[in-house]
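Notes follow the structure.
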Amino acid sequence: MTVTELVSYEDALAAYDPVMGLEVHVELGTKTKMFCGCATTLGAEPNSQTCPTCLGLPGSLPVVNATGVESAIKIGLALNCEIAEWCRFARKNYFYPDMPKNFQTSQYDEPIAYNGYLDVDVDGEVFRVEIERAHMEEDTGKSTHVGGATGRIHGASHSLLDYNRAGIPLIEIVTKPIVGAGDKAPEVAKAYVTELRELIKSLGVSEARMEMGQMRCDVNLSLRPQGADKFGTRSETKNVNSLRSVERAVRFEIQRHAAVLGAGGTIIQETRHFHEEDGSTTSGRVKEEAEDYRYFPEPDLVPVAPSRAWVEELRGGLPELPRVRRNRLREEWGLSRHEMQSVLNAGAIDLITATIDEGAPADQARKWWMGELARRANEDGVELAALPITPAQVARVCALVKEGSLNDKLARQTIEGVLAGEGGPDEVVTKRGLKVVSDEGALGTAVDEAIAANAAIADKIRGGKVAAAGALVGAVMKATRGQADAARVRELILEKLGVEG
Ligand SMILES: [Zn+2]
């Protein structure tokens with residue numbers, strides 16, 4: 001699929017300076033569409049959520065969804081943008097079967113929010129990504145190409161169209177050119193999209209699930225010779241739909257551009273497709289210029305003029321933003337930046353927080369989610385949050401350990417039981433008989449038996465080789481199927497052999 005022989009990443013960076021631009025589309029989680037009352041439920045019967053307006057039938061008139069505007073303003077405020085006092089929608093004219101109106105209602109030169117920034121953390125350093133604009137628009141319908149091998153239109157026998165998605169509100173967030181990232185450009189791009197996704201989720205305006213297409217990223221990239229001021233020609237890789245893919249797409253395009261430029265070629269301004277299988281991109285279509293869309297103000301919609309009082313009310317109601325919250329929790333939990341990054345990468349912040357809220361100590365909550373449970377999620381290939389165990393259940397396991405009913409090993413078995421669907425922690429402990437043996441009589445008997453069965457070792461201990469006690473502790477733990485308190489067992493052994501610990 002690779003057309004050009006790539007240049008190594010290091011060689012590319014030695015010769016060129018990458019400039020990025022990221023355009024992220026976020027599908028809002030409003031109950032109804034942006035310009036009509038149709039439902040937005042995912043997975044509904046095709047074309048069951050349509051009406052004359054979102055099908056673009058003659059005579060139908062759009063009405064703006066107030067929640068959509070409110071969400072756009074919240075996003076703008078959270079991105080430190082200025083909010084327009086007055087702005088309009090515009091028609092972006094193009095013909096494509098998935099857009100039955102033959103134009104997309106969008107915003108052109110009057111976006112609702114502009115001139116902001118988002119700070120992201122990359123390798124312990126803060127990188128500021130400047131935001132050009134965030135504007136409102138609507139999604140298109142969905143085409144399914146049937147009969148071909150690839151699912152693409154080439155080779156298909158026919159295509160199916162579903163207009164349920166047509167008219168669902170979108171916010172498009174466009175960065176200013178991102179310069180100065182150097183060899184960290186792929187990481188900066190990924191960190192930006194990650195931070196943006198967290199921000200959107202924290203505002204409650206969208207679930208921003210990239211795998212569901214609720215958030216999609218277009219990656220613009222150009223190279224300029226090191227030391228040059230003027231930007232090179234850019235390529236635009238469309239619909240890069242995972243965080244990892246954003247990073248890979250930037251890396252691939254840097255290497256491809258460098259190869260083309262290094263061989264004396266020119267970069268064509270075009271859109272490109274990203275391929276998950278090998279992380280490559282291939283040529284799509286030559287990019288339209290803005291004038292090709294013949295934008296003009298939408299005559300059927302009134303301008304949007306949010307009052308300053310409303311904007312300030314929304315500003316006052318913003319939640320603690322993810323990066324601020326993260327830094328606060330990092331301090332509270334006493335973690336290094338690196339440790340916090342691991343927690344973030346594992347998608348464990350909310351789970352740990354919820355476990356602490358259920359009464360678990362911070363270090364214990366983190367230990368289980370980042371240890372045993374992260375391992376299981378990884379093994380099963382699922383997100384941590386998708387594991388069949390709740391923060392309350394993890395907190396209960398922590399409590400059982402704290403009160404001495406479970407030791408570490410038994411706690412692990414309890415969690416295993418919960419994950420296997422055997423019930424809550426208490427139920428699993430009862431069913432599996434996992435309680436720590438704390439009955440001194442039973443423990444004493446087990447210790448006596450271990451001493452009798454290991455006379456030689458017992459003699460060594462009596463003779464002062466206290467380190468040998470480990471073998472006896474092991475024997476007792478084995479006899480009690482791991483259900484004894486190892487520290488107490490050790491004490492008992494030394495007591496019975498008349499040795500000082
Ligand atoms: Zn509709």
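Counting convention: from 1, in listed order, for ligands and their atoms alike.
Using cut-offs of 30° and 60° on the angle between ring planes, the pair Tyr293 and Tyr94 is perpendicular.
Residue-environment remark: CD (Glu82) exceeds the threshold of 12 foreign heavy atoms within 6.0 Å.
In this view, Ser159 and His145 satisfy the side chain to side chain donor-acceptor pair (under 3.5 Å) rule, not counting sequence neighbours.
No side-chain heavy atom of Glu187 sits less than 4.5 Å from a side-chain heavy atom of Asp123.
The distance between the ring centers of Phe89 and Tyr108 does not fall below 6.0 angstrom.
Of all protein atoms, those that are N, O or S and lie under 2.8 Å from the Zn ion (ligand 1) total 4.
Defined by atom type and a distance below 3.5 Å, a donor-acceptor pair is missing between the side-chain atoms of Glu270 and Ser235.
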